[in-house]
Amino acid sequence: MPPMPAANRAQEPSTWQKCIMGAMMGGGVGLTIGFIFGSYSILRNGTGPRGFLATLSQYMLSSAATFSFFLAIGSVIRNDALLPPHMEAARLQLLPPLVRSKAEGAMLVRARWDAERARRTVA
């Protein structure tokens, strides 16, 4: 498939937009988890003096706030790269791999040792 022209490409979201997106996803996950654990806690321990709805909403909102905070922070940290993702992928594809075999590593170490010995004998 040929590459798309630059004019038709969508612009990447900004850091702030990614932060908001992470917070919204965290809020959704937190509400769901709060509903599950809050319902379990209410079924197991009873509603308490505040009633069913107030207790369940407290579980859900506190869980949503916690998840949204950490997912927003995580999405900003993940976005904190020097290169855009497509350039980073190209860089990783074009560079030689950093993992080498034992034999290649041993050859490099021997070559460095020989070069160091040669410098010491000259000096």
Side-chain angles (χ1 to χ4, degrees):
M1 186 166 149
M4 294 174 49
N8 291 341
R9 285 192 183 158
Q11 186 177 1
E12 285 190 35
S14 68
T15 304
W16 178 250
Q17 289 170 334
K18 286 186 178 185
C19 179
I20 296 296
M21 207 172 357
M24 289 174 59
M25 288 184 346
V29 169
L31 285 173
T32 305
I33 295 295
F35 177 76
I36 292 169
F37 286 116
S39 298
Y40 176 75
S41 176
I42 288 171
L43 289 174
R44 188 166 170 103
N45 302 324
T47 59
R50 295 175 355 134
F52 175 78
L53 195 57
T55 305
L56 183 61
S57 65
Q58 181 182 5
Y59 273 102
M60 290 175 69
L61 290 176
S62 63
S63 180
T66 304
F67 270 89
S68 64
F69 175 74
F70 285 112
L71 259 69
I73 297 294
S75 64
V76 169
I77 290 173
R78 184 180 168 131
N79 189 39
D80 193 26
L82 296 175
L83 292 174
H86 66 281
M87 294 295 289
E88 185 70 23
R91 184 186 70 83
L92 290 174
Q93 284 180 352
L94 297 176
L95 284 179
L98 295 176
V99 178
R100 299 181 190 269
S101 69
K102 277 186 179 180
E104 287 175 324
M107 285 177 26
L108 286 172
V109 169
R110 283 190 195 114
R112 287 179 189 159
W113 287 348
D114 292 338
E116 190 174 321
R117 259 190 235 115
R119 272 186 285 162
R120 286 186 181 171
T121 55
V122 172

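Predicted, not measured: the structure shown is a model, and the values here were computed from it. Note that these values count all heavy atoms, side chains included, but never hydrogens, waters or copies made by symmetry.
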Between side-chain atoms of residues 39-48 and protein atoms elsewhere (two or more places apart, or another chain), which donor-acceptor pairs fall under 3.5 Å?
| residue | atom | partner | partner atom | Å |
| --- | --- | --- | --- | --- |
| Ser39 | OG | Phe35 | O | 2.7 |
| Tyr40 | OH | Arg44 | NH1 | 3.4 |
| Ser41 | OG | Tyr59 | OH | 2.8 |

Looking at every non-hydrogen atom in both residues, tell me the closest pair between Cys19 and Val76 and how far apart they are. CB-CG2, 3.6 Å

Among residues at least two apart in sequence or on other chains, which ones pass side-chain hydrogen bond (donor to acceptor under 3.5 Å, both in side chains) with Arg117? Asp114

Which residues pass the side chain to side chain contact (heavy atoms under 4.5 Å, CB included) test with Met107, not counting sequence neighbours? none

Tell me, please, which residues at least two apart from Glu116 pass salt bridge (charged side-chain N to carboxylate O under 4.0 Å, His left out). Arg120

If the condition is side-chain hydrogen bond (donor to acceptor under 3.5 Å, both in side chains), which residues does Gln93 pass it with, not counting sequence neighbours? none

Partner residues of Gln17 under the side-chain hydrogen bond (donor to acceptor under 3.5 Å, both in side chains) criterion, sequence neighbours left out: none

Expected list for residues 64-71: side-chain donor-acceptor pairs under 3.5 angstrom, two or more places apart:
| residue | atom | partner | partner atom | Å |
| --- | --- | --- | --- | --- |
| Thr66 | OG1 | Ser62 | O | 2.9 |
| Ser68 | OG | Ala64 | O | 2.9 |
| Ser68 | OG | Ala65 | O | 3.1 |

Please name all residues satisfying side chain to side chain contact (heavy atoms under 4.5 Å, CB included) with Met21, sequence neighbours left out, ordered by chain then number. Pro13, Lys18

Of the non-hydrogen atoms in Ala72 and Ser75, which two are nearest, and what is the gap between them? O-OG, 2.9 Å

Would you give the length of the straight line joining atom CE of Met60 to atom OG1 of Thr32, rounded to the nearest 0.5 angstrom? 7.5 Å

To the nearest 0.5 Å, how far apart are OG1 in Thr15 and CD1 in Ile20? 12.0 Å

